Amino acid sequence: AKEIGRDALHFFSNDMAISAHEKLRQQEELRRAIACDEFVLHYQPQVDLRTGSVFAVEALIRWKHPERGLLPPGEFIPFAEESGLIGQIGDWTLRAACRQNKAWQDAGLPRLVVSVNVSARQFQEIDWVERVRSALSDSGLDARYLELELTESLIMADVQQAVALMYRLEALGVHLAIDDFGTGYSSLSALKRFPVGRLKIDRSFVQDLPGDADDAAIARAVISLAHTLQLRVIAEGVETREQLEFLREAGCNEIQGFYIGRPVEAAAIEARLNEMEPE
Ligand code: C2E
Ligand code: CA
Ligand code: CA
Ligand code: CA
């Protein structure tokens with residue numbers, strides 16, 4: 001059996017070779033984390049290239065593990081999906097993000113949209129729309145300050161059902177975005193049917209900008225596609241001034257990435273918003 005406890009990466013991997021016994025242990029630990037409230041959200045700013053101001057933040061989950069420190073989502077979200085615990089974790093994320101955003105608004109900070117990542121398993125839950133509605137009403141957050149990020153693969157797994165759900169979510173008043181755009185295979189005709197407000201160009205197409213001619217062409221194509229469909233487009237993973245300039249030239253609406261700001265605790269976002277002019 002694999003040694004336990006040394007390496008978080010191995011401990012919470014989706015490795016096919018890990019024993020049933022070990023999987024149970026991992027599930028137990030994740031359940032304990034849920035019960036003990038060991039998760040925390042970090043927030044990464046998104047900037048409007050026209051105004052230069054932060055208009056939204058993406059909520060990104062971390063696990064404050066008592067022994068292993070702060071674990072990034074890649075180390076436990078895949079396992080949470082596989083073991084079915086993602087529903088509870090996803091609920092926690094959604095509710096915590098709504099509560100935090102409402103608290104910022106109540107404190108008089110400029111109003112932001114908070115973007116929350118939705119996993120496929122979560123989206124498929126029978127009462128998913130109801131859960132979103134209840135997170136909004138319990139927090140008191142107006143639906144237009146919540147955005148849900150759906151991946152192409154989540155949508156394409158069952159387009160018919162996804163479109164129906166997307167319309168129900170849209171009816172609540174929340175915004176929808178397609179995350180990691182370009183890594184899946186939405187057809188143009190499918191894309192046209194989705195009630196989404198924006199596309200998020202995946203980091204893999206951004207990282208080699210502006211030098212890589214293929215990626216430059218892809219980024220331009222996605223931006224023009226989005227605009228043809230009257231969608232806004234945001235690029236993720238922007239790390240350099242050159243990438244920002246390229247994207248601005250290409251007509252990209254918004255950017256997110258280390259160049260603008262890393263994901264940080266709520267208090268750090270607050271400090272940054274406090275420097276901004278109130279609306
Ligand atoms: P994502 O939705 O594509 O999120 C963007 C990831 O890219 C984040 O990693 C973020 O920290 C990282 N990133 C942002 N800007 C840059 C940059 O300029 N350079 C580089 N190299 N990386 C950048 P993180 O926080 O580790 O999250 C990884 C993935 O985990 C997310 O990818 C998302 O798919 C998933 N995830 C995060 N939070 C949640 C959650 O609450 N629920 C679910 N279901 N999934 C989540
Ligand atoms: Ca995302
Ligand atoms: Ca993404
Ligand atoms: Ca990505």
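Read the numbers this way: they start at 1 and go in the same order the structure lists the ligands and their atoms. Since this is a predicted model, take the numbers as computed values, not measurements.
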*asked:* Nearest 0.5 angstrom please: Glu254 CD to Lys200 NZ, how far?
replied: 10.0 Å
*CZ of Phe205 to CG of Asp212: how many Å apart, nearest 0.5 Å?*
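Between Phe205 CZ and Asp212 CG, I get 10.5 Å after rounding to 0.5 Å.
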_Contact between ligand 1 and Glu58 is defined here as a heavy atom of the residue under 4.0 Å from a ligand atom; is it met?_
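Within the 4.0 Å threshold, so yes.
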_If the contact criterion is a heavy-atom separation under 4.0 Å, does Gly237 count as touching ligand 1?_
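Yes; Gly237 lies near enough to ligand 1 that a heavy-atom distance drops under 4.0 Å.
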*Does Thr93 approach ligand 1 within less than 4.0 angstrom via side chain, backbone, both or neither, non-hydrogen atoms only?*
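Within the 4.0 Å criterion, Thr93 contacts ligand 1 through side-chain atoms alone.
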*Specify side chain, backbone, both or neither for Ser119, according to which of its non-hydrogen atoms lie closer than 4.0 Å to ligand 1.*
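Ser119 to ligand 1: contacts from backbone and side chain alike.
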*Can you list every ring pair (Phe, Tyr, Trp, His ring centres under 6.0 Å) pair that touches residues 134-178, not counting sequence neighbours?*
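Ring pair (Phe, Tyr, Trp, His ring centres under 6.0 Å) check on residues 134-178 returns no pairs.
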*Considering only NZ, NE, NH1 and NH2 on the basic side and carboxylate oxygens on the acidic side, decide whether Arg32 and Glu38 come within less than 4.0 Å.*
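Glu38 and Arg32: salt-bridged.
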Can you name the N/O/S atom of [X] that is nearest the Ca ion (ligand 2)?
X      : result
Glu149 : OE1
Glu58  : OE2
Asp179 : OD2

*asked:* Distance under 4.0 Å to a non-hydrogen atom of Gln44: what atoms of ligand 1 satisfy this?
replied: 14 (C), 15 (N)
*Who are the side-chain hydrogen bond (donor to acceptor under 3.5 Å, both in side chains) partners of Trp104, not counting sequence neighbours?*
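side-chain hydrogen bond (donor to acceptor under 3.5 Å, both in side chains) check on Trp104 returns Glu270.
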